[in-house]
Enquirer: 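Structure in structure tokens, see below.
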Amino acid sequence: MYRRKILVTGGAGFIGSHLCERLLAEGADVLCVDNFFTGQKANVAHLLSNPNFEIQRHDVTFPLYVEVDEIYNLACPASPVHYQHDPVQTTKTSVHGAINMLGLAKRVGARIFQASTSEVYGDPSVHPQPEEYWGNVNPIGFRSCYDEGKRCAETLFFDYHRQHGTKIKVARIFNTYGPNMHPNDGRVVSNFIVQALKGDNITIYGDGLQTRSFCYVDDLIDGMVRMMDSADNVTGPINIGNPGEFTMIQLAETVLKLTGSKSKLVRMPLPEDDPRQRQPDITRARNILKWEPKVQLEDGLKETIAYFRTIVG
Ligand SMILES: NC(=O)c1ccc[n+]([C@@H]2O[C@H](COP(=O)([O-])OP(=O)(O)OC[C@H]3O[C@@H](n4cnc5c(N)ncnc54)[C@H](O)[C@@H]3O)[C@@H](O)[C@H]2O)c1
């Protein structure tokens with residue numbers, strides 16, 4: 001039996017580690033490439049005994065020469081604390097990383113999936129956001145290295161497709177949570193859970209009435225794999241996320257209930273460019289990929305809390 005050879009860049013990160021696990025379970029031969037900036041070896045340590053799994057330390061801003069059938073390009077720090085740490089490197093990772101991985105896909109004829117983001121919509125004036133919406137992005141703010149880097153990566157994907165016939169799959173991923181999230185990434189789900197488990201105050205930015213939608217990682221991985229396996233004319237962009245909307249206060253209260261924590265909610269000033277509302281329109285994913293999220297927030301949070309209990313002392 002032929003085993004598909006699949007490259008996952010950023011494979012030791014939160015989403016990448018779940019993807020590697022899923023692809024191995026499907027019988028693929030998986031090469032995980034990561035520079036370990038935010039990824040952790042512990043996320044993939046349990047896969048190392050699998051003879052079909054291989055890991056390579058590599059920075060995607062440099063070219064990579066391997067023979068593969070499919071590429072999932074996930075390498076990029078995803079949370080503001082991490083992507084703002086070295087903003088120039090963040091843009092390089094998105095842009096040079098895209099050029100290098102697209103060059104590889106072109107050379108070996110591989111299909112290539114891009115982990116784009118809802119951040120391409122910026123602070124949206126359309127709600128919920130369909131893929132046709134071009135976004136409202138500040139090009140010179142603190143978030144721009146990530147937002148504009150990802151937008152430029154999308155441009156490169158579509159130009160490689162039009163100019164070279166590269167088989168592309170661009171997914172715009174909305175807020176995702178689950179086990180293997182970085183405990184210090186400053187993202188709202190991990191923040192609230194870690195604060196609740198430690199009995200620290202739960203920090204609510206602004207009035208806490210801004211909403212987010214949260215997709216459990218298993219649902220996301222299912223959407224990503226469906227997209228990679230879709231017909232060649234399915235290029236995207238396709239939104240993948242959970243349209244269920246929750247305010248920050250609702251999320252904090254659910255975390256308190258599920259952890260049994262006595263932490264207090266405290267207010268902090270809203271960071272610059274923080275979007276007020278973000279919710280995916282997943283009509284395309286439903287129609288084209290026959291995909292929609294299945295995991296309820298409380299169920300996903302229980303799994304995530306169980307994971308954080310193992311790492312928060
Ligand atoms: N988690 C979300 O809610 C979310 C939402 C939208 C988009 N995404 C995208 O999905 C992808 C994965 O996100 P995540 O949440 O797993 O983040 P993560 O930080 O856990 O994973 C990113 C991985 O990429 C690696 N990496 C960073 N720069 C690299 C480089 N130059 N070369 C090689 N590896 C590098 C990191 O070490 C890490 O393992 C990212 O591209 C992110 O932009 C995530």
Side-chain angles (χ1 to χ4, degrees), residues 7-21 31-44 55-64 71-101 112-121 129 143 145-154 157 170-191 212-217 219-221 223-224 227 236-242 275 278 280 293 300 304:
L7 165 63
V8 179
T9 75
F14 158 47
I15 296 172
S17 56
H18 288 272
L19 179 64
C20 289
E21 198 173 299
L31 170 59
C32 163
V33 159
D34 207 293
N35 71 349
F36 299 106
F37 173 49
T38 50
Q40 299 172 82
K41 289 177 192 148
N43 288 344
V44 285
I55 190 156
Q56 183 177 344
R57 180 187 285 270
H58 176 80
D59 187 320
V60 295
T61 60
F62 296 95
L64 180 68
I71 303 167
Y72 285 87
N73 187 36
L74 274 61
C76 186
S79 67
V81 274
H82 290 135
Y83 70 64
Q84 289 169 14
H85 169 75
D86 185 347
V88 173
Q89 174 67 12
T90 299
T91 304
K92 273 190 182 170
T93 294
S94 274
V95 177
H96 293 198
I99 291 171
N100 289 328
M101 292 308 120
I112 180 164
F113 173 100
Q114 168 68 355
S116 191
T117 169
S118 55
E119 296 285 335
V120 301
Y121 300 121
Q129 294 84 51
R143 301 174 82 103
C145 58
Y146 184 73
D147 302 6
E148 298 288 23
K150 288 283 188 179
R151 285 168 68 96
C152 182
E154 285 200 9
F157 268 70
V170 175
R172 293 185 179 150
I173 300 170
F174 283 65
N175 263 350
T176 301
Y177 70 100
N180 296 359
M181 288 182 91
H182 203 289
N184 304 322
D185 67 3
R187 284 192 263 191
V188 65
V189 173
S190 45
N191 258 6
R212 291 291 184 277
S213 55
F214 303 100
C215 185
Y216 187 61
V217 66
D219 280 334
L220 170 72
I221 299 294
M224 289 169 64
M227 188 162 181
I238 297 184
N239 289 336
I240 303 188
N242 191 326
R278 202 57 99 29
T304 314

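We count ligands from 1, going down the list as the structure has it; atoms in each ligand are counted the same way. Predicted, not measured: the structure shown is a model, and the values here were computed from it.
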Enquirer: Distance under 4.0 Å to a non-hydrogen atom of G39: what atoms of ligand 1 satisfy this?
Expert: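 Within the 4.0 Å cut-off of G39, ligand 1 contributes 36 (C), 37 (O), 38 (C), 39 (O).
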Enquirer: Which bit of K150 gets closer than 4.0 Å to ligand 1, counting heavy atoms only: side chain, backbone, both or neither?
Expert: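 Side chain only.
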Enquirer: Using a 4.0 Å heavy-atom threshold (strictly under), name the region of T93 that reaches ligand 1: side chain, backbone, both or neither.
Expert: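 Side chain only; the backbone of T93 stays clear of ligand 1.
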Enquirer: I want to know if ligand 1 touches R187 in the polar sense, i.e. an N/O pair below 3.5 angstrom.
Expert: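 N/O-N/O distance below 3.5 Å exists for this pair.
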Enquirer: Is it true that S213 and N242 share a donor-acceptor pair across their side chains at a distance under 3.5 Å?
Expert: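 There is no such pair (donor and acceptor under 3.5 Å, judged by atom type) between the side chains of N242 and S213.
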Enquirer: Using a strict 4.0 Å threshold on nitrogen-to-oxygen distance, state whether K150 and E119 make a salt bridge.
Expert: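 Judged by the 4.0 Å cut-off on N to carboxylate O distance, K150 and E119 do not form a salt bridge.
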Enquirer: Out of C76, S116, A115, C32, whose heavy atom is nearest to atom 7 (C) of ligand 1?
Expert: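 Closest candidate by heavy-atom distance is S116.
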Enquirer: Tell me: protein heavy atom nearest atom 43 (O) of ligand 1, and distance?
Expert: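 Looking only at protein heavy atoms, the one closest to atom 43 (O) of ligand 1 is Y146 OH, 2.5 Å.
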Enquirer: Under a 4.5 Å cut-off applied to non-hydrogen side-chain atoms, are M224 and L74 in contact?
Expert: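 The answer is yes; the side chains approach within 4.5 Å.
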Enquirer: Would I173 count as being in polar contact with ligand 1, using the rule that some N or O on each side must be under 3.5 angstrom apart?
Expert: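 No; every N/O pair is 3.5 Å or more apart.
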Enquirer: State, with a plain yes or no, whether a side-chain heavy atom of Y72 is found less than 4.5 Å away from one of I112.
Expert: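 No, too far: nothing below the 4.5 Å cut-off.
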Enquirer: Can you check whether I238 reaches M227 side chain to side chain, under 4.5 Å on heavy atoms?
Expert: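 Counting from C-beta outward, I238 and M227 do come under 4.5 Å.
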Enquirer: Determine whether H96 and T91 make a side-chain contact, defined as any pair of heavy atoms from C-beta on separated by less than 4.5 Å.
Expert: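 Answer no - side chains too far apart.
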Enquirer: With heavy-atom distances below 4.0 Å as the criterion, list the atoms of ligand 1 near F36.
Expert: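 Counting from 1, the qualifying ligand atoms are 37 (O).
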Enquirer: Decide yes or no for T9 and M101: does some side-chain heavy atom of the first lie under 4.5 Å from some side-chain heavy atom of the second?
Expert: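 Contact flag for T9/M101 side chains = yes.
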Enquirer: Among all protein heavy atoms, pick out the one at the shortest distance from atom 23 (C) of ligand 1; state its residue, atom name and that distance to 0.1 Å.
Expert: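 Result for atom 23 (C) of ligand 1: G10 CA, 3.6 Å.
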Enquirer: So for ligand 1, is V33 a polar contact partner (N or O within less than 3.5 Å, distance only)?
Expert: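 In this structure, V33 places no N or O atom under 3.5 Å from an N or O of ligand 1.
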Enquirer: Quick check on contacts: which atoms of ligand 1 are under 4.0 angstrom from a heavy atom of A75?
Expert: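 Numbered from 1, ligand 1 contributes 24 (O), 33 (C), 34 (N), 35 (C).
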Enquirer: What protein heavy atom sits nearest atom 13 (O) of ligand 1, and how far off is it?
Expert: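 Here the nearest protein heavy atom works out to A78 CB, 3.7 Å.
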Enquirer: Using distance alone, determine whether F14 and ligand 1 share an N or O pair under 3.5 Å.
Expert: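 Checking ligand 1 against F14, an N or O pair does fall under 3.5 Å apart.
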Enquirer: Any nitrogen or oxygen of G16, side chain or backbone, less than 3.5 Å from one on ligand 1?
Expert: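 No; every N/O pair is 3.5 Å or more apart.
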Enquirer: For atom 40 (C) of ligand 1, grab the closest protein heavy atom and report residue, atom and distance to one decimal in Å.
Expert: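 Its nearest protein heavy-atom neighbour is L74 O, 3.2 Å.
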Enquirer: Is a side-chain N or O of N239 found less than 3.5 angstrom from the main chain of Q129, in a donor-acceptor match?
Expert: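 Here the side-chain-to-backbone pair exists.
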Enquirer: For T38 and ligand 1, does the shortest N/O to N/O distance drop below 3.5 Å?
Expert: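 Such a contact does occur with ligand 1.
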Enquirer: Counting both backbone and side chain atoms, is some N or O of T176 under 3.5 Å from an N or O of ligand 1?
Expert: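 Checking ligand 1 against T176, an N or O pair does fall under 3.5 Å apart.
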Enquirer: Give the contacting part of Q89 toward ligand 1: side chain, backbone, both or neither, where contact means a heavy-atom distance below 4.0 Å.
Expert: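 Near ligand 1, Q89 shows its side chain, while the N, CA, C and O stay back.
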Enquirer: Would the distance check show the side chain of N43 and the main-chain N or O of S17 forming a donor-acceptor pair, the cut-off being under 3.5 Å?
Expert: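 Here the side-chain-to-backbone pair does not exist.
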Enquirer: Taking ring-ring contact (aromatic ring centres under 6.0 Å, His included) as the definition, give me every residue that meets it alongside Y83, ordered by chain and number, with sequence neighbours left out.
Expert: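 ring-ring contact (aromatic ring centres under 6.0 Å, His included) check on Y83 returns Y146.
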Enquirer: Answer side chain, backbone, both or neither: which part of Y177 comes under 4.0 Å from ligand 1, heavy atoms only.
Expert: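 No part of Y177 comes within reach of ligand 1.
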Enquirer: Give the atoms of ligand 1, by number and element, whose distance to some non-hydrogen atom of H58 is under 4.0 Å.
Expert: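 By the 4.0 Å cutoff, the relevant atoms are 32 (N), 33 (C).
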Enquirer: What is the closest protein heavy atom to atom 30 (C) of ligand 1, and at what distance does it sit?
Expert: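 Answer for atom 30 (C) of ligand 1: N35 ND2, 3.3 Å.
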Enquirer: How far apart are the C-alpha atoms of Q56 and L64, what are their side-chain angles, what is the distance that settles it, and do they pass the side chain to side chain contact (heavy atoms under 4.5 Å, CB included) test?
Expert: CA-CA 11 Å; Q56 183 177 344; L64 180 68; 3.6 Å; yes
Enquirer: Got a sec, which pairs hit salt bridge (Lys or Arg N to Asp or Glu O under 4.0 Å) with one end in residues 75-93, sequence neighbours left out?
Expert: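 Counting only pairs at least two positions apart or across chains, no salt bridge (Lys or Arg N to Asp or Glu O under 4.0 Å) contact touches residues 75-93.
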Enquirer: In ligand 1, which numbered atoms sit nearer than 4.0 Å to a non-hydrogen atom of N175?
Expert: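 The list of qualifying atoms is 3 (O).
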Enquirer: Determine whether V189 and F214 make a side-chain contact, defined as any pair of heavy atoms from C-beta on separated by less than 4.5 Å.
Expert: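 Heavy-atom side-chain distance check passes, below 4.5 Å.
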Enquirer: Out of D59, N180, L220, indicate the one that has the non-hydrogen atom closest to atom 31 (N) of ligand 1.
Expert: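 The residue whose heavy atom sits nearest atom 31 (N) of ligand 1 is D59.
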Enquirer: Show which atoms of ligand 1 fall inside a sub-4.0 Å distance from at least one heavy-atom site of A12.
Expert: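 Atoms satisfying the 4.0 Å criterion: 39 (O).
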Enquirer: So for ligand 1, is V60 a polar contact partner (N or O within less than 3.5 Å, distance only)?
Expert: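 Yes, since at least one N or O of V60 sits under 3.5 Å from an N or O of ligand 1.
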Enquirer: Give the single entry among D34, N43, V189, T9 that approaches atom 37 (O) of ligand 1 most closely by any heavy atom.
Expert: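 Among D34, N43, V189, T9, the closest heavy atom to atom 37 (O) of ligand 1 belongs to D34.
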Enquirer: How about F36 and I55: do any of their side-chain heavy atoms sit closer than 4.5 Å?
Expert: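 Yes, close enough: below the 4.5 Å cut-off.
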Enquirer: Please tell me if the side chains of H182 and R187 come closer than 4.5 Å, counting only heavy atoms from C-beta onward.
Expert: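 No, their side chains stay 4.5 Å or more apart.
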Enquirer: Check this for me, if you would: do E154 and R172 make a salt bridge, where the nitrogen-to-carboxylate-oxygen distance has to be below 4.0 angstrom?
Expert: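 Result for this pair is yes, salt bridge flagged.
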Enquirer: Give the residue and atom name of whichever protein heavy atom lies nearest to atom 44 (C) of ligand 1, and the separation in Å to one decimal.
Expert: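 Ranked first by proximity to atom 44 (C) of ligand 1 is I15 CD1, 3.7 Å.
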Enquirer: Of all the non-hydrogen atoms in the protein, which one sits nearest to atom 21 (O) of ligand 1, and at what distance?
Expert: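 Checked against all protein heavy atoms, atom 21 (O) of ligand 1 sits closest to G13 CA, 3.5 Å.
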